[in-house]
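For reference, the structure is listed below as structure tokens.
For the single chain, residues carry numbers from 1 onward in sequence order. Computed from a predicted model, the values in this text were never measured in an experiment.
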Amino acid sequence: MKVVIVGGVAGGATAAARIRRLDEQAEIVVFERSGYISYANCGLPYFIGDAITDPEDLTLQTPESFYSRFRAEMKVRHEVTAIHPDRKTVSVKNLETGEEFEENYDKLILSPGAKPTQPRVPGTGLDRVFTLRTVEDTFRIKAYINEHHPKSAVLAGGGFIGLELAENLRELGMDVTIVQRPRQLMNPFDPDMAALIHGEMRRNGVRLVLGRTVEGFAEKDGGVDVLLKDGAPLHAGMVVLAIGVTPDTALAKDAGLALGIRDSIVVNERMETSVPDIYAVGDAVQVKHAVTGQDALISLAGPANRQGRIAADNVCGGDSRYSGSQGSSVIKVFGLTAAVTGVSETNARKAGLDVDKVILSPMSHAGYYPGGKLMTMKVVFEKGTYRLLGAQIVGSEGVDKRIDVLAAAIHGGMKATGLKELDLAYAPPYSSAKDPVNMAGFMIDNIARGILRQWFLEDLDRLPRDGSVTLLDVRTAGEYGGGHIDGFRNIPVDELRERLDEVEPGKPVYVICQSGLRSYIACRILAGYGYEAYNFAGGFRFYNAVARDRRMAELATACGMDR
């Protein structure tokens with residue numbers, strides 16, 4: 001059996017190695033357009049910022065090392081220019097010599113990946129305008145910085161690459177601005193959780209210009225102007241386009257393979273395309289979202305690796321199936337870690353799901369052990385069924401551990417109420433006897449039992465201010481004096497029982513504290529005396545972060561820029 005693989009890196013290289021482990025006799029040929037067959041794509045921004053200093057650390061395998069171990073021919077700088085399913089061959093061009101030839105196959109695996117999305121605006125070809133996707137891209141950017149020492153950069157796009165590159169360029173001492181059309185960074189997150197990311201970016205000197213459309217680029221004064229719709233140009237020493245990626249599927253389209261959203265390659269659970277003996281994996285393929293069941297494009301290394309393994313199994317006569325992607329991901333944002341899995345509240349509602357949520361601010365480990373840090377967790381679940389849909393966490397430490405637990409729970413079909421039952425490891429330096437994931441489960445279980453009623457940030461402007469409800473802040477007098485929401489009166493929770501005569505009976509009570517814990521206790525006290533009480537999800541700390549972000553956005557709109 002002869003297997004030809006188009007593209008290396010995550011999906012293609014994984015498939016090649018797996019095929020060899022399953023079939024020692026198979027002939028394996030991999031064609032990779034770039035000069036690298038297996039590299040640490042996610043590490044590229046950190047090389048630019050000098051967190052990674054040795055270029056060889058980016059290369060996981062060379063053609064020589066791969067051949068030595070797996071006896072697979074890794075032909076770099078070879079571009080497949082056409083697929084001929086009728087005669088089971090591919091046309092190939094050697095990019096170094098110009099030679100063109102055809103290669104036959106019994107099975108073909110496509111792993112072309114995705115290419116940086118290029119806006120159709122003037123100036124994208126300027127020398128100071130870069131994209132970051134390959135090792136070669138990284139070296140070009142690094143060489144430009146070393147030679148020209150630009151003092152500033154504009155990054156068009158606020159996704160993973162944009163944020164990671166922003167941090168690394170700031171580490172080099174550059175002024176950094178992120179500009180993009182959406183009004184928030186990191187679209188997998190809900191706007192309220194993205195506000196925490198915005199705050200950390202601003203605290204570290206990154207300027208955010210959100211809700212602005214880039215209309216082009218122009219050379220000016222030894223740098224480049226980023227032209228904005230309805231706004232003054234942004235001037236910088238260099239620009240990096242990081243507005244997303246587009247499936248690189250021209251080959252598949254020309255060969256007549258069925259295509260899906262954004263011209264991605266349609267595959268079944270076995271990673272088979274619409275043409276016999278042709279498989280496809282990685283960023284170029286359309287997948288099912290594991291939570292919503294809807295078609296999706298999810299460009300992440302983990303899914304690409306798993307898909308490569310599954311395609312290889314099936315090429316070798318197995319019957320492996322891909323169950324879908326749930327988008328689990330994590331990113332370092334200066335001193336914070338932000339992580340997400342499953343579906344956000346925003347996207348769950350777009351998918352037609354009836355959702356509820358809990359927002360909590362637990363410590364990363366036992367409060368009495370030094371060094372604990374707060375994290376903010378948002379867990380989304382389906383009303384009625386309590387099916388666990390997604391989670392987002394932003395914090396300093398322990399974030400990756402909790403998101404992975406929640407990702408496993410979602411994959412296993414666990415109900416959100418079942419989180420309280422998880423038997424998780426505990427020692428004071430690492431966690432609490434009631435782990436944050438357990439705490440989320442306790443809260444959701446209380447909702448299911450009717451013990452916890454919540455109100456949310458989006459309800460604030462709708463709360464009556466005519467005296468028909470009671471608005472109550474149960475923090476200490478000092479906390480209240482340091483900042484509070486207009487219209488909320490202060491009765492500290494530890495004084496509430498003695499001051500119940502100040503809370504008019506027969507009226508609903510909307511309660512807030514710093515994190516949501518004391519206000520929950522206050523709600524239970526009030527419920528014990530016959531009041532209808534609602535607890536604010538997330539607490540004043542969460543409210544203040546989101547409100548501050550909104551004020552910054554309003555100021556940006558008024559001034560024509562963010563700061």
Checklist entry - Is the shortest distance from a Lys or Arg side-chain nitrogen in E345 or K378 to a carboxylate oxygen in the other one below 4.0 Å? => result yes

Result for side chain to side chain contact (heavy atoms under 4.5 Å, CB included) between R207 and one of I178, V154, L234 points to L234

* Should the pair R128-E219 be classified as a salt bridge under the 4.0 Å nitrogen-to-oxygen rule? -> yes

task = Would you mind reporting whether E27 and V3 have side-chain heavy atoms less than 4.5 Å apart?
result = no

May I ask you to decide if S320's main-chain N or O and N314's side chain share a donor-acceptor pair within less than 3.5 Å?
yes

Checklist entry - Got more than 12 heavy atoms from elsewhere within 6.0 Å of CG, D127? => result no

Is K332 paired with E167 through a side-chain N to carboxylate O contact shorter than 4.0 Å? yes

>> Between E200 and R203, does any side-chain N to carboxylate O distance fall below 4.0 Å?
In response: yes

Does a side-chain heavy-atom distance below 4.5 Å link I109 with V4?
-> no

message: Has Q392 got a side-chain atom pairing as donor or acceptor with D190's backbone, closer than 3.5 angstrom?
response: yes

(Q) Checking side-chain polar atoms at under 3.5 Å, does T62 have a donor or acceptor matched by the opposite partner on S65? (A) yes

inquiry  = Just by distance, no angles: are the side chains of T89 and N104 close enough, under 3.5 Å, to form a donor-acceptor pair?
reply    = no

Self-check item: Test item: H84 side-chain N/O and D86 main-chain N/O as donor-acceptor pair under 3.5 Å
Solution: no

Next item on the list: State whether D404 and R402 are salt-bridged, where the test is any N-O pair (Lys NZ or Arg NE/NH1/NH2 against Asp/Glu carboxylate O) under 4.0 Å.
Entry: no

Can you confirm whether P150 sits close enough to Y144 that some side-chain heavy atom of one is under 4.5 Å from a side-chain heavy atom of the other? yes

Under the 3.5 angstrom rule, does the side chain of R140 hit a backbone N or O of V135 as a donor-acceptor pair?
no

For K142, does the NZ atom have more than 12 heavy-atom neighbours from other residues, nucleotides or ligands under 6.0 Å away?
yes

Can you tell me if R20 uses its side chain to pair, donor with acceptor, with the backbone of F70 under 3.5 Å? yes

**Item:** E79 with R33: basic N within carboxylate O range, under 4.0 Å
**Value:** yes

For a 4.5 angstrom cut-off between non-hydrogen side-chain atoms, does Y105 reach V90?
yes

Taking the side chain as every heavy atom from C-beta outward, state whether Q118 and T131 have any pair of such atoms under 4.5 Å apart. yes

- Can you establish whether the number of heavy atoms outside R270 located under 6.0 Å from its atom CZ is more than 12? yes

- Task: Using atom types as modelled and distance alone, determine if a side-chain donor or acceptor of N347 lies under 3.5 Å from a backbone N or O of V343.
- Result: no

Inset, instruction - Check the side chains of S152 and D175 for a donor-acceptor pair under 3.5 angstrom, ignoring hydrogens and angles. - result: no

S91 and T81 side chains, donor-acceptor separation under 3.5 Å = no

The reported gap from CG in L22 to CG in D313 (rounded to nearest 0.5 angstrom) is 5.5 Å

What do the steps show when you test D106 against K88 for salt bridge (charged side-chain N to carboxylate O under 4.0 Å, His left out), and what is the final call?
CA-CA 7 Å; D106 296 309; K88 300 187 80 169; 5.1 Å; no

Separation between OG (S323) and CZ (R306), nearest 0.5 Å, reads 7.5 Å

Exercise. Take R262 and T246, measure what side-chain hydrogen bond (donor to acceptor under 3.5 Å, both in side chains) needs, and give me the verdict at the end.
Key: CA-CA 7 Å; R262 295 179 62 190; T246 301; 3.2 Å; yes

query = Does atom NE2 of H411 have more than 12 heavy-atom neighbours, drawn from other residues, nucleotides or ligands, at distances under 6.0 Å?
reply = no

Would you indicate whether the side-chain heavy atoms of L132 and P45 approach each other to under 4.5 Å?
yes

message = Here's one to test your reading of the geometry: is the NZ or CZ of R69 within 45 degrees of the ring axis of Y67 and under 6.0 Å from its centre?
response = no

Exercise for the section: Could you tell me whether the side chain of V267 reaches within less than 4.5 Å of the side chain of E272, counting heavy atoms only? Expected result: no

What I want to find out is whether D230 reaches R212 closely enough, with some N-O distance under 4.0 Å, to be called a salt bridge.
no

Could you tell me whether K2 and E103 make a salt bridge, using a distance below 4.0 angstrom between a side-chain N and a carboxylate O? yes

*Check for a donor-acceptor pair, side chain of D23 on one end and backbone N or O of Q25 on the other, with a separation under 3.5 Å.*
yes

Are K107 and D277 within salt-bridge range, i.e. N to O under 4.0 Å? yes

Should the pair R87-E102 be classified as a salt bridge under the 4.0 Å nitrogen-to-oxygen rule? yes

Rounded to the nearest 0.5 Å, the CD atom of Q286 sits from the CD1 atom of I261 at a distance of 4.5 Å

(request) Answer yes or no: is there a donor N or O on one side and an acceptor on the other, between the side chain of T124 and the main chain of R120, under 3.5 Å? (result) no

*Is any side-chain heavy atom of M271 closer than 4.5 Å to a side-chain heavy atom of I265?*
no

Look only at the side chain of N94 and the backbone of E96, and say whether a donor-acceptor pair between them is shorter than 3.5 Å. yes

**OP:** Verify, without hydrogens or angle tests, whether H78 (side chain) and V76 (backbone) share a donor-acceptor contact under 3.5 angstrom.
**Re:** yes

